[in-house]
Protein chains: 2
Amino acid sequence: MNIGEAARASGVSAKMIRYYEATGLIAPVARTEAGYRDYSMAEVHTLRFIRRARELGFPMETIAGLLGLWQDRSRQSAEVKRIALEHAAALQEKVAALEAMAATLTRLAEHCHGDDRPDCPILDDLADGRAPLSPSSGEARPRYAAARR
Amino acid sequence: MNIGEAARASGVSAKMIRYYEATGLIAPVARTEAGYRDYSMAEVHTLRFIRRARELGFPMETIAGLLGLWQDRSRQSAEVKRIALEHAAALQEKVAALEAMAATLTRLAEHCHGDDRPDCPILDDLADGRAPLSPSSGEARPRYAAARR
DNA sequence: CTTGACCTTACCATGATGGGAAGCCTTATC
DNA sequence: GATAAGGCTTCCCATCATGGTAAGGTCAAG
């Protein structure tokens with residue numbers, strides 16, 4: 001099975017398969033005489049494992065640990081559980097941070113009449129109550145066009 | 001005011017102030033004879049605006065637009081409100097994705113007895129019910145040590 | 001005048017992914 | 001057998017916002 005077929009079979013892009021190999025997350029795979037990577041189903045299963053773990057938001061470093069545990073028939077499930085719960089807690093922290101942002105924005109937007117008048121509590125909050133700069137026409141070939149659409 | 005003082009006054013690191021200038025988010029600032037950047041309070045206010053917007057998770061590109069609106073005395077608050085609500089919606093999408101991950105992990109962990117026995121529904125789920133690879137001792141100086149702590 | 005703190009620019013790294021170029025290989029068609 | 005299409009190889013670059021570091025200039029206090 002070449003890399004394209006392995007990619008389709010595992011749901012991991014060929015690009016990422018090579019990357020996983022280059023970084024040592026997976027072992028270098030067999031090659032054909034011509035130098036093509038040659039995959040067996042075992043490797044495809046490993047790739048599926050990785051894809052599923054990525055879908056659950058595990059960072060690659062943690063996935064390396066999970067792969068080790070997966071391959072370790074004498075593992076203790078407590079270790080896996082600990083890693084999973086630790087990651088779940090990290091996710092929940094991110095959720096809390098994002099929710100706080102969204103709540104602030106929603107609250108500010110509620111107080112913004114949102115019509116053609118210029119005054120806007122959202123900008124006031126961002127500015128912390130101060131007046132803006134005069135329009136600074138910078139050179140420096142702007143990556144951000146400061147466009148008002 | 002030199003860049004260090006401006007950084008302390010705005011809460012934006014000197015590094016990031018230079019970066020914002022290089023990318024055109026803010027205009028090039030005055031320089032002393034020796035080439036030191038020289039900031040006024042107006043610039044510090046702009047930096048504070050940016051910092052606050054970053055805290056709310058706005059990407060730099062969007063902040064460029066918000067800065068334009070902030071400096072535009074003829075802006076329509078509806079435009080600001082639209083941007084804010086759009087961003088809030090994007091945040092909520094991320095929240096939903098992260099929450100789904102966390103929920104799945106929590107559910108899997110609940111079904112894992114978490115003791116010194118090896119069987120583990122968490123790994124089973126990741127593996128989709130298949131058997132693991134035999135321990136592949138890859139060269140490729142692994143960045144991820146596959147360590148079992 | 002020296003020292004230490006600060007400034008300048010320039011480069012590298014992050015994490016996981018995609019894009020693309022240049023060149024070799026395989027397969028199908030003629 | 002020749003050719004074309006498409007897949008493979010490696011290598012480099014970009015993302016996004018941020019930090020680190022190094023080499024060298026500047027400033028203020030002692």
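Only heavy atoms go into these numbers, but all of them, side chains included; no hydrogens, no water, no symmetry mates. Convention: sequence-line order gives letters A, B, ...; per-chain numbering from 1.
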Salt bridge (charged side-chain N to carboxylate O under 4.0 Å, His left out) partners of A/Glu55, counting only residues at least two apart
A/Arg51, A/Arg52
Could you state the CD1-P distance from B/Ile17 to C/dT9, rounded to the nearest angstrom?
13 Å
Within the 4.0 Å limit for protein heavy atoms, which parts of nucleotides 1-9 of chain D are touched? Write it as a string from 5' to 3', B for base, S for sugar-phosphate only, - for none.
------BSB
Between atom CE in A/Met60 and atom P in C/dT17, what is the gap in whole Å?
8 Å
Could you state the OH-P distance from A/Tyr19 to D/dT10, rounded to the nearest angstrom?
16 Å
Does any N or O in the side chain of B/Gln71 come within less than 3.5 Å of the main-chain N or O of B/Gly68, such that one atom is a donor and the other an acceptor?
no
Distance-only, no hydrogens or angles: does the B/Glu79 side chain make a donor-acceptor pair with backbone N or O of B/Gln76 under 3.5 Å?
no
Spacing of A/Leu47 atom CG relative to C/dT17 atom C1', expressed in whole Å:
16 Å
Donor-acceptor pair, B/Arg82 side chain versus B/Glu86 backbone, under 3.5 Å?
no
Is there a donor in the side chain of B/His87 and an acceptor in the side chain of B/Thr62, or the other way round, less than 3.5 Å apart?
no
For A/Ala9, does its backbone N or O pair with a side-chain atom of A/Arg48 as donor and acceptor, under 3.5 Å?
yes
In this structure, would B/Ile63 and B/Val44 fall into the same cluster of hydrophobic residues linked by side-chain contacts under 4.5 Å?
yes
State whether the side chain of A/His113 and the backbone N or O of A/Asp119 hold a donor-acceptor pair below 3.5 Å, judged by distance alone.
yes
If the helix axis at each end comes from five base pairs, how far does the helix from C/dC1-D/dG30 to C/dC30-D/dG1 deviate from straight, to 10°?
20°
Any pair with a residue in residues 24-38 of chain B that passes side-chain hydrogen bond (donor to acceptor under 3.5 Å, both in side chains), sequence neighbours left out, goes on the list, sorted by first then second residue, please.
B/Glu21-B/Arg37
Show me, pair by pair, the donor-acceptor contacts under 3.5 angstrom made by side chains of residues 98-108 of chain A, not counting sequence neighbours?
residue	atom	partner	partner atom	Å
A/Thr104	OG1	A/Ala100	O	3.0
A/Thr106	OG1	A/Ala102	O	2.7

When the distance from CD of B/Glu21 to P of C/dA10 is rounded to whole Å, what number comes out?
12 Å
Within this structure, what is the CZ-to-C1' distance between B/Arg54 and D/dT18, rounded to whole angstrom?
9 Å
Over how many whole Å does the gap from A/Glu55 atom CD to C/dT17 atom P extend?
11 Å
Atom CD1 of B/Ile50 and atom P of D/dT18 are separated, to the nearest Å, by 10 Å
Find every protein N or O atom lying less than 3.5 Å from an N or O atom of nucleotides 21-23 of chain C, and list the pairs.
none

Basic-acidic side-chain contact under 4.0 Å: B/Arg117, B/Asp115
yes
Can you work out whether A/Met16 or A/Glu33 has the more 5'-proximal nearest nucleotide on DNA chain C?
A/Met16
Under 3.5 Å side-chain donor-acceptor pair for A/Thr46 and A/Glu43
no
Less than 4.0 angstrom between a side-chain N/O of A/Ser13 and OP1 or OP2 of C/dT17, yes or no?
no
Please work out if A/Tyr20 contacts a base, only the sugar-phosphate, or nothing of the nucleic acid, heavy-atom cut-off 4.0 Å.
sugar-phosphate
Base, sugar-phosphate alone, or nothing: which one does B/Thr32 contact when heavy atoms must sit under 4.0 Å apart?
nothing
